[in-house]
Every structure is written in C-alpha cells, then in structure tokens.
Chemist: 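I have a structure I would like to understand better, so I am pasting it below and will then ask my questions one at a time.
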Amino acid sequence: MYLMPTSCAARAISVTGMPTMPNILTSGAMSRAGRQLALLLCSCCVAVAIPGGLAEEGCPAEPHQASRYVAAVYEHQSFLSPDPLALTSREQALELMHRNLDVYEQQVTTAARKGAQIIVFPEDGIHGFNFTRTSIYPFLDFMPSPRSVRWNPCLEPHRFNDTEVLQRLSCMAMKGEMFLVANLGTKQPCHSSDPGCPSDGRYQFNTNVVFSSNGTLVDRYRKHNLYFEAAFDTPLEVDHTVFDTPFAGKFGVFTCFDILFFDPAVRLLQDSEVKHVVYPTAWMNQLPLLAAIQIQRGFAIAFGINLLAANIHHPSLGMTGSGIHTPLKSFWHHSMDSPEGHLIIAEVARNPPGLISAGNATGKTDPFHRKFLQLLAGDPYSEKDAQDVHCDAAPKSTTNASPTFNSEMMYDNFTLVPVWGRDGHVHVCAHGLCCHLLYQRPTVSQELYALGVFDGLHTVHGTYYVQVCALVKCGGLGFDTCGQEITEAMGMFEFHLWGNFSTSYIFPMLLTSGMMLETPDQLGWESDQYFLKKRGLSSGLVTAALYGRLYERD
C-alpha cells in the first residue's frame, strides 16, 4: 500500500479553502502499480492556487525529520528581451532582469511559507536566450570562484562590480532561509597569455550558482555541453560541482543538455554519496522520446536519485515540463496551455529508495512474467556481420509474421514492426540491437502501435550514440506516421519490453495519454537482456521506451 502522512492528504485547495478537483493534465503522481512499490516512501502533493495564476504543489512542512526534506522547483514564464540581438546598456539589461527576479522573490516567499529547504530556478530564466556573444554582455555578472573566495553578496554588495543579480539571489536565500539554485550569465576576464582566452579578452559562461540559507555563495557550475549557444564559452575543464547541505547531504549540479552526456552528469553520480541533483533547464520538448519530464524521470529512475528539475515556461516554443522526481514517484508539471509559471513543492526522502529490480523481484511467480523468463531461456540468437544482425525465428507459438518497415523518429531512421492483436511476442533488430515485446491487451483500440529499434549515432540537434527500444503509438494508421509527436492515446497494455543492450546506461521512459508519467513495476538485467515490466496503466500508452546511451561511441 501507499503510505501518506496523516497530516496531509492528497488534495487540491482553492484560495477560499474549498476543495477543488486537481488538474490532472498539469500535475501528476505515481500510477496505481507504482504506489504498490512505495512501501517506505512517505511524501505528498497538494495543488494550491495562488492569486495571479501562480501555483504550487506540496505540503506545509512538518517538524523536520532526518529521513526527509522539502524541495521546491519553479517553472518560470520569463520576461524576454524584445530584440536579443540588439545592443543595450547595463541599466537596460538590469531593468529586464529585475522583472524576472521580482517573480523569483515571490516564489521564494511562497516556498518559505511551505517549509522549503531548497529551491531551484530554470536555465535562462533571468536573462532569456537567443543572444549573440556581444548582445548578451550587458546581462552578465562578474563571477568570482566560490572555491577561492568566500563571499556573501547580500552582506558585501560592494566587494565586486557588476554583481547586482548575484546580490539579489543571495538576499532571497537569506530571507527565505533556504538553499537557492539559479542560472545566470557570468563573465570572467582573461589575459592574452591564456591560450584559451577569447579575442575579446573575457570568458562568458552559462552558469548555475548555489547559495546557502544564509546567503553565502557556496558553489557554481559552468555549463559544459552547450546547445547551440553562441553567446557562451565552454569551460576549459569540466566543472564537477557537488555541494553539501545539512538537510540532505550531497547534491550534484548540471544544466539542460548535460543530462545526455557522461560529463558531468554521470561522472558526478559515481560518487555514491551524491543522492540528489539540481537541474536548471530550458528544454524544448520532442516527442515521442525526449519530452522534458520523460528524460527527467528516466534519469532519476536509472540512477536511483532525486532530481530537482526546473524548466523554463514558453509553450509557444515547446518549452515546459518540470518536476521533483524520485525513483518511485514524481511530482511534475507540463502544460502547453497555461501562460503562467508554476511552483512545485514536495517532501522527498533523503535516501531515495529504488525500484524493484530483477534480483529482488517477487513477481517471478506471475504467469506473465514466467512466460517472459521462458522466452529468455529459449531466446533466438543473433549473429553479427559487418552491416546487420540476422536473428533466427523465435518459437512459432510466440512470434508473428508482422512486416518490418522504416520510419523517422526523432530524426533517426528506426526499424519497426507493427503491434497487432490482443496479445503476442514481437521482435525487431537493427545492427547490434534486438528489441522484444511480450504483451497482452484487455481491449484492442483502433490505433496503430509499433515496436521500434535504433542502434546508431544521432546527428541532428547534437551528436551522440544511442540504442533505443521503443513501443510507440503512431500518429495515424499508416506506417509512415510512426514516430510522429502525439500526446493522446487509448491503447492499454500489459507488457515486458527488453533488448540486448551493449550499455548499462539505460533510461526507462513511460508516458501515457495527457502527458502522464508512469512508474515501471520492475526493471533490470535478466539473462544479458535489459527489461522493463508494466501492468495497470492509468491511461492509454503513448511511449514505453528503453533509451540507452553509449557514451564511448560519441
């Protein structure tokens, strides 16, 4: 059963105090099957409407217990420069940034009332985006190294020039008595004797800053994996930023596109004491595999950590999707309709419990799972040649004669097979990867689903090597619609999805109709195959995927 604090029920409260129905399209909690896993996790989620359209989720803080802490993330609908390419003065830049900082200050005040101990704001939330190297310069704060200079900008505002943004953030952290993580542009002068020094004599970085609850600048992280950001430089060395807190231990820090790469994201988590990550992002959603909440949730599950993800909110640009994600549960926000920002507050475990894996599963007595294990025991073998994989036929009782076809998904050429009928076992192979699906359906909807595989180098909007097994709802009934971006579906499935992955870095993704997140019932390795098991979806399946990253092949 799912345990909930007796002092806080899952409910929605209006400003008048009368109960209202929660908005299920923009906030979420764990599915029914996922709840059965959370035997030790004690947390809650409350939606509260705030005048002016701001909203929050979470619980008023109980007396602090060592096993839990209260976190907040804010999805910010930022004020943007009307012409980011135009040259402006520092005064004009500060005027725009103070408008965004005014909103930040309101959110800190609200989060403080709810007992938040840490708050995270999004990438580009203060200054915006689409600048040139020159036009962004008035928006940059000077950034001393927190590792060599101990500094409280709120108490020492005149110590360094051009630090107005850092001063306001420091004062917010002091006033709210919470750790504060925000993203801003920073500058650092360099000398011509430095071989990496740009020709204009300064470095410009996309920077996350961390302030303690007394306003001291604790640490910084300078974004390493830039996403077509001409205004910023890549640091000469990767920042592996970890900061310590009195309420939850060590937190790692990285930004947006970093989540897809080994450095710094994966390397940070090689430290077993890092159980939490703060993650400012400005993520443009791309279905069916890389919506913001999909990759956030998948990362939290894959590494067994808490991920505090704050995205920017500009639905017209496809930018929405924030959350506080644990391995067992997520509190999230995704809205393409609302023009306003959104505050999420949740109480989470200091030591996040993990999902049920193959090694400790009790579900092996489940007849459906036994069939999966039997298939593995007699699984077809695959012989590699230089170009392809030839898989022998599976036992006749478990395979079908569905045709394979190709369709573009996420700009990659996937090989797919249709998923027809009420139940069955289908598989599809490409290069070194064979993907399998064992499924049952209570009813068969008039929709086309397909199982797809891709094993190769992704080269559009970034270059990185992926292995993917994905069950997706197609945009229509034609094979050429498989891979299109859709958010609504009716098809219900019970399934095992698995593949012979060549990497241990695999991110499970489960998305259902209305952009709802689901929790796998079980996942892990079994007979050199990585699998995901799910029963009891809350709504129609949009995507079930195992998204593998082979960092060494980038």
Side-chain angles (χ1 to χ4, degrees), residues 10 22-31 34 38 41 43-48 55-59 69-77 107 111 114 116 118-123 125 181 183 251-256 259 265 275-285 287 290-313 315 318-336 338 341-349 352 355 487 507-512 514-520 538 542-543:
N23 184 344
I24 62 170
L25 296 182
T26 60
S27 61
M30 217 170 28
S31 65
L41 182 64
S43 56
C44 57
C45 178
V46 179
V48 182
E56 62 187 272
E57 296 179 17
C59 294
Y69 68 98
V70 181
V73 302
Y74 182 61
E75 182 167 308
H76 178 46
Q77 200 243 348
Q107 303 310 313
K114 292 293 180 179
I118 185 169
I119 189 166
V120 183
F121 291 101
E123 181 186 24
V181 181
N183 175 271
F251 283 74
V253 188
F254 53 83
T255 309
C256 202
I259 202 169
K275 301 180 183 297
H276 321 272
V277 168
V278 291
Y279 179 58
T281 184
W283 192 279
M284 298 177 68
N285 289 290
L287 291 163
L290 285 182
I293 57 174
Q294 272 181 305
I295 186 62
Q296 294 164 15
R297 179 76 168 121
F299 193 91
I301 293 174
F303 288 102
I305 51 102
N306 294 329
L307 181 70
L308 281 51
N311 197 6
I312 206 79
H313 186 77
M319 303 172 89
T320 182
S322 304
I324 298 173
H325 305 275
T326 81
L328 294 181
K329 184 174 183 177
S330 286
F331 306 92
W332 78 90
H333 174 77
H334 176 104
S335 175
M336 293 295 290
S338 171
H342 193 89
L343 180 66
I344 305 170
I345 301 175
E347 190 178 62
V348 293
L355 283 168
T487 59
F507 305 101
M509 297 177 178
L510 268 175
L511 194 66
T512 61
M515 296 300 293
M516 303 295 287
L517 293 173
E518 298 271 352
T519 301
S538 62
V542 172
T543 302

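Heavy atoms only: backbone and side chains are in, while hydrogens, waters and symmetry mates are out. Values in this document were obtained by computation on a predicted structure and should not be read as measured data.
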Chemist: If you take all heavy atoms of Pro315 and Ser335, which pair is closest and at what distance?
Modeler: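 Pro315 and Ser335 have their closest heavy atoms at CG-O, 3.8 Å.
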Chemist: Going by the side-chain contact (heavy atoms from CB on, under 4.5 Å) test, name the single residue among His313, Met284, Met515 that passes it with Thr320.
Modeler: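 Filter result, single survivor: His313.
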Chemist: Is the shortest side-chain heavy-atom distance between Ile324 and Val348 below 4.5 Å?
Modeler: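 Counting from C-beta outward, Ile324 and Val348 do come under 4.5 Å.
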Chemist: Would you say the side chains of Glu75 and His342 form a donor-acceptor pair under 3.5 Å?
Modeler: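 Result is no, nothing qualifies.
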Chemist: Test side-chain contact (heavy atoms from CB on, under 4.5 Å) on Leu308 and Phe251 and set out the steps.
Modeler: CA-CA 10 Å; Leu308 281 51; Phe251 283 74; 4.2 Å; yes
Chemist: Specify the closest pair of heavy atoms between Ala111 and Ile119, including all atoms of both residues, with the distance to one decimal.
Modeler: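 Minimum heavy-atom contact is CB-CD1, 4.1 Å.
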Chemist: Would you give the length of the straight line joining atom CG of Asn311 to atom OH of Tyr279, rounded to the nearest 0.5 angstrom?
Modeler: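 It is 8.0 Å, given to the nearest 0.5 Å.
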Chemist: Under the side-chain contact (heavy atoms from CB on, under 4.5 Å) criterion, do Trp332 and Ser322 qualify, and how do the steps go?
Modeler: CA-CA 6 Å; Trp332 78 90; Ser322 304; over 6 Å; no
Chemist: Look at the side chain of Glu123 and the backbone N and O of Ala282, then say whether any donor-acceptor pair between them is shorter than 3.5 Å.
Modeler: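 Checked: pair present.
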Chemist: Has Asn306 got a side-chain atom pairing as donor or acceptor with Ala300's backbone, closer than 3.5 angstrom?
Modeler: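 Such a contact is absent between Asn306 side chain and Ala300 backbone.
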Chemist: So, does Arg297 use its side chain to make a donor-acceptor pair with the main chain of Leu511 at under 3.5 Å?
Modeler: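 Judged by distance alone, no pair lies under 3.5 Å.
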Chemist: Do the side chains of Leu510 and Pro520 get nearer than 4.5 Å, heavy atoms only?
Modeler: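 When only atoms from C-beta onward are counted, Leu510 and Pro520 do touch, with a gap below 4.5 Å.
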Chemist: How long is the span from the CD1 atom in Ile312 to the CZ atom in Phe121, to the nearest 0.5 Å?
Modeler: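 Answer for the CD1-CZ pair, Ile312 versus Phe121, is 11.0 Å.
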Chemist: Just how far is it from atom CE of Met336 to atom CE of Met319, taken to the nearest 0.5 Å?
Modeler: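 One gets 11.0 Å once the value is rounded to the nearest 0.5 Å.
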Chemist: Would you check, one step at a time, whether the test side-chain contact (heavy atoms from CB on, under 4.5 Å) holds for Tyr69 with Ile118?
Modeler: CA-CA 9 Å; Tyr69 68 98; Ile118 185 169; 4.2 Å; yes
Chemist: Is any side-chain heavy atom of Ile259 closer than 4.5 Å to a side-chain heavy atom of Phe254?
Modeler: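 In short, these two side chains touch, coming nearer than 4.5 Å.
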Chemist: Please give me the minimum heavy-atom distance between His334 and Asn285, naming the atom from each residue.
Modeler: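 What the structure gives for the nearest pair is CE1-ND2, 3.8 Å.
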Chemist: Does the side-chain contact (heavy atoms from CB on, under 4.5 Å) test come out yes or no for Leu343 and Val73, once each step is laid out?
Modeler: CA-CA 6 Å; Leu343 180 66; Val73 302; over 6 Å; no
Chemist: Measure the spacing between OG1 of Thr543 and CG of Leu287 and express it to the nearest 0.5 Å.
Modeler: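 Thr543 OG1 to Leu287 CG: 6.5 Å, rounded to 0.5 Å.
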Chemist: Within this structure, what is the CG-OG1 distance for the pair Asn183 and Thr281, rounded to the nearest 0.5 Å?
Modeler: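 Asn183 atom CG to Thr281 atom OG1 measures 9.5 Å (nearest 0.5 Å).
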Chemist: Could you report the tightest heavy-atom contact between Tyr74 and Pro122, atom names first, then the distance?
Modeler: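 Heavy atoms of Tyr74 and Pro122 come nearest at O-CD, 3.2 Å.
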Chemist: Taking atom CD1 of Ile293 and atom CE of Met516, what is their separation to the nearest 0.5 Å?
Modeler: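 One gets 9.0 Å once the value is rounded to the nearest 0.5 Å.
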Chemist: So, does Trp283 use its side chain to make a donor-acceptor pair with the main chain of Leu290 at under 3.5 Å?
Modeler: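 Confirmed, Trp283 side chain pairs with Leu290 backbone.
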Chemist: For Pro352 and His276, work out which heavy atoms get closest and say how close.
Modeler: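 Shortest heavy-atom contact: CD-CE1, 4.5 Å.
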Chemist: Determine whether the aromatic ring centres of residues Phe299 and His325 are separated by less than 6.0 angstrom.
Modeler: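 They do not qualify: ring centres at least 6.0 Å apart.
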